[in-house]
Amino acid sequence: MKILLAEEMRTADSALFSRIGVPSRAVMESAGREVAGFLLEQMPDLLGQGVLVLAGSGNNGGDGFVVARTLLGQGVYVEMAAVKAVAELKGDALANALAYQNAGGRIVELTPEHWFEAECVRGISSFGVVVDALCGTGFHGQLQGFIGELVDYLNTQAEVGNVAVVSIDLPSGVETDTGAVNGPAVSANATIALQCLKPAHVCYPGAGYCGETFVADIGVCVQMPEIESVQRELITEESIAALLQEYIYSPPEEHKGERGHVIVIGGGAGHLGAPRMSAEAALVCGSGLVTLVVPDKAAQTMACSVRELMCLALDSD
């Protein structure tokens, strides 16, 4: 599973739009529908209590408008709060804000002076789900002004009301490429990573704000050279199993002496765990012979702990 930096993801998106010819709005529509589908499938009971979508001014906010419109079409009660006036939005975000309004949705425009006066904000704890669509992968630094205050208030009220918070791509306030958190940040229960993981999904402290991370296919072809050329990948149990399969497999007639001999040296007083784990790992990975070299005072204990290991004792000094 590839892990892309923000600029690498933008490059892949641009290639999809320009070289392949997929409209950017189609990708935004796919992203929003994937998030809405996740909510409908994973949180149907909570949706009955209503959904509040918090939208920023960029493409992440545009994704949020698609989520709201999709849920509205499924009969879910939706409130939409935007941190920028619709008239000030641009591009696909503006198009989807207007589409949401044309579908019968109402947008509450939050302002720096009066954001807390909005009924939907004051009543956050009464919703079943809050969708965080405030900031996307382009965010750097620290949430400024009333948006930071809004995020702090969201975190407090979500905990009080046991509200599920779902972030689109990344929790707002978390930096994409580093996972750094320099101020207020949304504490999500779940994060829907769009197409690929980003470093913040796996690097702390940002990963700690993501809750459980799910990767949604939004139509960006992972076979594109812009993605395939990225060497950064998530190490998983499945990927390691596939990598080691050719080494672990042993023909029935093969002798253990043909499978290699690993020697593990270590184990000062009180520090026997590391050499033992290393030796056990060598056995699991398919080594034919493994010799563990430890101080004489520990040799007997170590020899008894794993029967397949050979143990060589050296003077403790």
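Predicted, not measured: the structure shown is a model, and the values here were computed from it. Reckoned from all heavy atoms, side chains included, excluding hydrogens, waters and symmetry mates.
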Parallel, tilted or perpendicular: ring planes of Phe214 versus Phe38, cut at 30 and 60 degrees: tilted
When you measure from the side chain of [X] to the backbone of [Y], do you find a donor-acceptor pair of N or O atoms at a distance under 3.5 Å?
X	Y	answer
Ser287	Leu283	no
Ser30	Ala26	no
Asp169	Leu194	yes
Asn155	Ala185	yes
His201	Ile3	no
Gln231	Ser229	yes
Asn96	Asp63	no

Quick check for you: to the nearest 0.5 Å, what is the distance between [X] atom [atom1] and [Y] atom [atom2]?
X	Y	atom1	atom2	value
Leu89	Ile107	CG	CD1	7.5 Å
Gln101	Arg69	CD	CZ	12.0 Å
Glu233	Lys2	CD	NZ	4.0 Å
Gln42	Ile192	CD	CD1	8.5 Å

Worked verdict on Glu7 versus Arg10 for salt bridge (Lys or Arg N to Asp or Glu O under 4.0 Å): CA-CA 5 Å; Glu7 183 59 34; Arg10 280 192 291 270; 3.0 Å; yes
Which atom pair, heavy atoms only, marks the closest approach of [X] to [Y]?
X	Y	value
Tyr100	Leu72	CE1-CD2, 4.1 Å
Asp132	Asn60	O-OD1, 4.0 Å
Ala193	Thr213	CB-CG2, 4.1 Å

Less than 4.5 Å apart, any side-chain heavy atom of [X] and any of [Y]?
X	Y	value
Leu292	Leu312	no
Gln195	Val215	no
Phe146	Phe116	no
Asp296	Asp315	yes
Met224	Arg19	yes
Leu52	Val129	no
Leu289	Met310	yes
Thr137	Lys198	yes

Working for side chain to side chain contact (heavy atoms under 4.5 Å, CB included), residues Leu314 and Val294: CA-CA 6 Å; Leu314 295 182; Val294 294; over 6 Å; no
Does one side chain, of [X] or [Y], offer a donor that lies under 3.5 Å from an acceptor on the other?
X	Y	value
Ser14	Thr11	no
Glu258	His255	no
Glu212	Asn189	no

If you count heavy atoms of other groups shown closer than 6.0 angstrom to [atom1] of [X], is the number above 12?
X	atom1	result
Asn102	CG	yes
Glu228	CD	yes
Glu113	CD	yes
Met43	CE	yes

Evaluation steps, side chain to side chain contact (heavy atoms under 4.5 Å, CB included), between Leu94 and Val86: CA-CA 7 Å; Leu94 173 60; Val86 173; 3.9 Å; yes
Side chain to side chain contact (heavy atoms under 4.5 Å, CB included) between Val264 and Val293, intermediate numbers included: CA-CA 6 Å; Val264 179; Val293 180; over 6 Å; no
Does [X] belong to the same Ile/Leu/Val/Met/Phe/Trp/Tyr cluster as [Y], with side-chain heavy atoms less than 4.5 Å apart forming each link?
X	Y	answer
Met80	Val51	yes
Leu309	Val262	yes
Leu170	Leu4	no
Leu197	Tyr209	no
Phe139	Met28	no

Member of Val53, Val66, Val67 meeting the side-chain contact (heavy atoms from CB on, under 4.5 Å) criterion with Ile168: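 Among the candidates, only Val67 passes.
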Glu8/Arg232 ion pair, N-O < 4.0 Å: yes
Test log, rule side chain to side chain contact (heavy atoms under 4.5 Å, CB included), inputs Val220 and Ile227: CA-CA 9 Å; Val220 181; Ile227 294 180; 3.9 Å; yes
